[in-house]
Undergrad: 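Dumping the structure here so I can ask a few things about it.
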Amino acid sequence: MSGDHSHNDSQIDSGSRYNDSHKHKDKYKDKEHKHKDHKKDKEREKSKYSNSEHRDSSDKKHRDKDKERLKLKDGSLDKQKDKHKEKKKEERSFDGKPKKEKENGFESPFIKSEPENDDFYHSLKHEKSLKRVHDDDDAEFKPKKIKTEDDRSEKKAKKRKQEEEDIKPKKKTKGKKGEVATDGKKKAKKEPEEKWKWWEEERYTDGVKWKFLEHKGPVFAPPYDPLPSNVKFYYDGKHMKLSPAAEEVATFFAKMLDHEYTTKEVFQKNFFKDWRKEMTSEEKSKITDLKKCDFSEMSEYFKAQSESRKAMTKEEKQKIKEENERILQEYGFCLMDNHKERIANFRIEPPGLFRGRGDHPKMGMLKRRIRPEDIIINCSKDSKHPKPPPGTKWKEVRHDNKVTWLVSWTENIQGSIKYIMLNPSSRIKGEKDWQKYETARQLKKCVDRIRAQYRDDWKSKEMRIRQRAVALYFIDKLALRAGNEKEEGETADTVGCCSLRVEHLTLHQEMDGQEYVVEFDFLGKDSIRYYNKVPVEKRVFKNLQLFMEDKEPEDDLFDRLNTSILNKHLQELMDGLTAKVFRTYNASITLQQQLNEITNSEDNVPAKILSYNRANRAVAILCNHQRAPPKTFEKSMQNLQTKIDAKKEQLADAKRELKSAKADAKVRRDEKSKKAVESKKKAVQRIEEQLMKLEVQATDREENKQIALGTSKLNYLDPRISVAWCKKFGIPIEKIYNKTQHPFSLSDFQQVVNLAKEKT
DNA sequence: TACCGAACTTAGAAACGGCGCA
DNA sequence: TGCGCCGTTTCTAAGTTCGGTA
């Protein structure tokens with residue numbers, strides 16, 4: 001990326017986003033409190049206005065101001081749009097791939113390392129490069145076809161028809177536990193299952209997700225197991241026997257007694273309110289104050305139970321493991337279009353207390369038990385439908401093949417729908433993932449034009465266009481999320497780009513020797529704090545001043561913008577473009593740039609992996625993927641340091657021994673002493689390597705203290721970049737991805753690796 | 001065009017389990 | 001052999017996007 005889009009330079013103090021986070025947390029909480037109090041006061045004052053009235057009046061105010069400041073639109077945008085549409089037609093063929101790229105072959109720059117080809121992300125022809133990485137001499141490679149509406153040749157229609165005829169599952173032969181073999185071939189135990197190369201097949205059209213789907217339904221949470229009679233609950237110091245329903249809910253609280261949640265007022269209030277709903281009228285009249293409730297015996301009981309589980313014998317543990325495996329084999333897989341696919345979450349969420357993140361107004365509420373009568377089953381008409389537990393009924397059985405879920409139910413906290421879906425290794429998820437990275441690569445081709453346009457729009461005569469352009473600049477430069485509007489009081493007060501409020505930004509004409517600095521401070525997804533000081537272009541700065549003029553701190557910064565308007569605009573700029581594509585694109589391109597920049601081919605494997613982790617870290621910082629430092633962090637760092645110190649001593653000893661061996665050899669001049677020198681040399685070398693490994697580990701861990709790498713690795717980084725990097729620098733792919741990560745690249749890769757091993 | 005619900009992705013925390021070390 | 005550590009897996013909350021409806 002060029003200019004101001006190099007993310008890492010753009011943050012004056014990127015480290016401060018993490019290092020200061022605790023310092024700022026309290027300040028932020030105060031701020032949030034103030035905001036809420038202020039809001040309440042204002043609401044009281046303005047109680048005669050409804051929310052929408054207030055918004056309307058504010059809209060009008062801004063509209064009038066616009067008129068004063070800006071003259072009417074001159075139609076240049078439409079011209080631009082038309083021009084762009086034409087260009088778009090030229091750029092792409094029907095399947096979304098540039099013609100040029102289709103005609104010319106491609107070589108991964110990480111394989112062929114000329115500097116001009118270092119832009120892997122841009123020039124990559126994905127299927128081919130993947131294949132190259134995996135299997136250089138596979139001449140049979142066929143690029144995957146992405147079917148579109150325009151893509152229906154007669155031949156393909158015939159093929160589809162044939163597929164439809166073939167779609168019923170082939171007769172399966174059951175092998176030993178959990179083995180399902182197709183085509184009547186029994187699979188040998190432990191033999192790796194043949195991997196479905198779905199990426200080599202054509203996709204469904206018209207929103208069809210599958211033709212055949214069969215599964216066994218969900219696994220329900222075990223029924224409540226009442227407490228033994230010796231485990232007592234006390235109210236106001238006196239023992240009180242609770243009814244089963246009230247006792248169950250009490251145990252949810254008792255299980256969380258050591259958690260910070262139970263100390264929060266909102267949590268306690270919500271819990272108590274919902275708990276009382278489960279009580280008998282007698283209990284209700286007696287138990288009126290949570291503070292008088294003593295759950296400690298219950299809590300101790302659960303702790304003891306957890307301890308005894310840990311202390312179980314090997315055999316007992318094995319028995320449980322086997323039972324879990326049996327359940328997994330029975331319920332953890334489905335049959336989708338002839339293939340056995342792993343289900344991600346086949347267990348229904350058990351009842352408990354809702355743990356919202358951040359200052360969630362509903363934390364502590366009772367998540368009720370889900371019964372078969374709440375469950376909607378989705379499967380093929382012609383499949384064997386899952387049976388509800390004896391004496392119960394499903395809410396509904398439907399056959400909707402335009403969705404990917406198998407089971408759904410509505411949860412009682414937010415009233416939202418929960419789903420049981422397939423594992424990321426499934427075709428259905430992998431295909432989507434692949435598509436996502438392809439869209440991001442499409443963006444790479446037109447991002448310069450889009451950037452030029454939004455820069456131009458900063459000067460627009462229309463306020464809404466200026467706001468859109470500045471928001472897009474933030475989304476692109478800072479990888480902010482889109483920021484949907486949220487219902488007040490239903491969730492924690494978090495924002496994204498479009499929902500930023502005036503109070504979330506502070507403008508500094510000059511700061512730390514830089515001009516036009518914007519200081520962001522807000523809570524994003526999961527109430528993770530985003531704190532960043534960013535120098536921006538003068539025009540952006542001036543626009544922000546304009547947007548903030550005459551507004552209250554709690555007013556929307558972009559009052560003429562929402563995610564729907566923004567995404568509609570993005571759709572016009574590029575097919576399939578939405579705000580989140582920028583995050584994927586910028587994450588992947590950052591990884592590639594960082595890898596190019598910091599990998600040293602002379603380094604050994606651990607040092608190269610450190611480089612990879614650092615590149616990954618740059619992405620995680622960009623995307624603001626933070627985590628709470630592990631509880632054992634300080635201790636584990638200390639342990640590591642002790643190991644390093646010991647290793648250093650060991651090295652010093654080894655060096656001394658080598659020195660004396662050398663001196664000895666000089667005097668003796670015999671074979672034996674020569675050999676001794678050699679072996680001492682090797683020992684020194686070995687210890688040096690071990691020390692280096694430990695030091696690298698310490699650096700990596702320290703740098704990772706508050707940063708979560710997993711999310712970016714799993715969701716934002718095009719795996720082809722990592723795979724190509726591994727190939728170029730001779731790093732085993734297993735060092736970067738474990739066996740469950742990145743199915744579409746790794747399953748194939750792993751297969752080729754295994755084949756190669758077999759051949760040698 | 002605004003609104004809303006459905007569907008799906010992204011997210012951090014917690015639980016789990018296996019491995020290395022004393 | 002037991003224990004602690006740490007990577008992996010599971011869990012489910014919290015986002016985004018899309019499409020239908022009024």
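Only heavy atoms go into these numbers, but all of them, side chains included; no hydrogens, no water, no symmetry mates. The chains referred to below are lettered A, B, ... by the order of the sequence lines, with proteins before strands, and numbering in each begins at 1.
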Undergrad: Give one of base, sugar-phosphate or nothing for A/Ser416, where a contact means two heavy atoms less than 4.0 Å apart.
TA: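 No contact at all - A/Ser416 keeps every heavy atom at 4.0 Å or more from the nucleic acid.
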Undergrad: So what does A/Tyr419 touch, heavy atoms closer than 4.0 Å: a base, only the sugar-phosphate, or nothing?
TA: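 The residue A/Tyr419 makes base contact.
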Undergrad: With a 4.5 Å cut-off on side-chain heavy atoms, are A/Asp374 and A/Thr410 touching?
TA: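 A side-chain contact is absent here, since even the closest heavy-atom pair is not under 4.5 Å.
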Undergrad: Rounding to a whole Å, what distance do you find between A/Lys418:NZ and C/dT12:C1'?
TA: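 So the NZ-C1' distance, A/Lys418 to C/dT12, works out to 5 Å.
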Undergrad: In whole Å, what is the span from the CD atom of A/Glu485 to the C1' atom of C/dG15?
TA: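 Rounded to whole Å, this separation is 15 Å.
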Undergrad: Does A/Thr711 put a side-chain nitrogen or oxygen below 4.0 Å from OP1 or OP2 of B/dT10?
TA: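 Result: no.
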Undergrad: By the 4.0 Å heavy-atom rule, please label A/Arg309 as base, sugar-phosphate, or nothing.
TA: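 Nothing, no heavy atom under 4.0 Å.
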Undergrad: It should be established whether A/Asn484 places a side-chain nitrogen or oxygen under 4.0 Å from OP1 or OP2 of nucleotide C/dT16.
TA: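 Yes.
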Undergrad: Check the side chains of A/Lys647 and A/Gln650 for a donor-acceptor pair under 3.5 angstrom, ignoring hydrogens and angles.
TA: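 A/Lys647 and A/Gln650 do have a side-chain donor-acceptor pair below 3.5 Å.
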Undergrad: Could you check how far NZ of A/Lys525 sits from C1' of B/dT10, rounded to whole Å?
TA: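 Spelled out: NZ on A/Lys525 to C1' on B/dT10 is 4 Å.
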Undergrad: Considering just the side-chain nitrogens and oxygens of A/Gln414, establish if one lies under 4.0 Å of OP1 or OP2 belonging to C/dA14.
TA: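 So the side-chain polar atoms of A/Gln414 do come within 4.0 Å of the phosphate oxygens OP1 or OP2 of C/dA14, strictly under.
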Undergrad: If only side-chain N and O atoms of A/Lys580 are considered, is one of them under 4.0 Å from the OP1 or OP2 phosphate oxygen of C/dG15?
TA: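 No, A/Lys580 has no side-chain N/O under 4.0 Å of OP1/OP2 on C/dG15.
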Undergrad: For A/Gly524, report the nucleic acid contact type (base, sugar-phosphate, nothing); a contact means any heavy atom under 4.0 Å.
TA: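 Since only primed, P, OP1 and OP2 atoms lie under 4.0 Å of A/Gly524, the category is sugar-phosphate.
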Undergrad: Is any side-chain N or O of A/Lys402 closer than 4.0 Å to OP1 or OP2 of B/dA7?
TA: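 For B/dA7, neither OP1 nor OP2 has a side-chain N or O of A/Lys402 closer than 4.0 Å.
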Undergrad: Mind checking if A/Gly415 touches a base, just sugar-phosphate, or nothing, with heavy atoms under 4.0 Å?
TA: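 Nothing, no heavy atom under 4.0 Å.
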Undergrad: Can you see if the side chain of A/Asn562 gets near the phosphate of B/dT1 - specifically, an N or O under 4.0 Å from OP1 or OP2?
TA: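 Looking at the OP1 and OP2 atoms of B/dT1, neither is under 4.0 Å from any side-chain N or O of A/Asn562.
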Undergrad: Scan A/Thr491 against the nucleic acid and name what it touches under 4.0 Å (heavy atoms): base, sugar-phosphate only, or nothing.
TA: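 Result for A/Thr491 = nothing.
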Undergrad: According to the interplanar angle, ranging from 0 to 90°, do the rings of A/Phe354 and A/His360 count as parallel (below 30°), tilted (30 to 60°) or perpendicular (above 60°)?
TA: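 Correct class here is perpendicular.
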Undergrad: Given C/dT16, is OP1 or OP2 found less than 4.0 Å from the side-chain N or O atoms of A/Lys436?
TA: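 Checking C/dT16 against A/Lys436, no side-chain N or O comes under 4.0 Å of OP1 or OP2.
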Undergrad: Rounded to the nearest Å, what distance is computed from the CD atom of residue A/Gln571 to the P atom of nucleotide C/dT16?
TA: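 Taking CD of A/Gln571 and P of C/dT16, I get 17 Å after rounding.
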Undergrad: Using a heavy-atom cut-off of under 4.0 Å over every strand shown, decide if A/Ala579 touches base, sugar-phosphate, or nothing.
TA: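 Sugar-phosphate contact only - A/Ala579 comes under 4.0 Å of backbone atoms but never of a base.
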Undergrad: Specify the closest pair of heavy atoms between A/Val208 and A/Trp210, including all atoms of both residues, with the distance to one decimal.
TA: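 For A/Val208 versus A/Trp210, the nearest heavy atoms are CG1-O, 3.5 Å.
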Undergrad: Looking only at side-chain N and O atoms, does A/Lys310 come under 4.0 Å of OP1 or OP2 in C/dG2?
TA: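 So the side chain of A/Lys310 is outside the cut-off, no N or O lying under 4.0 Å from OP1 or OP2 of C/dG2.
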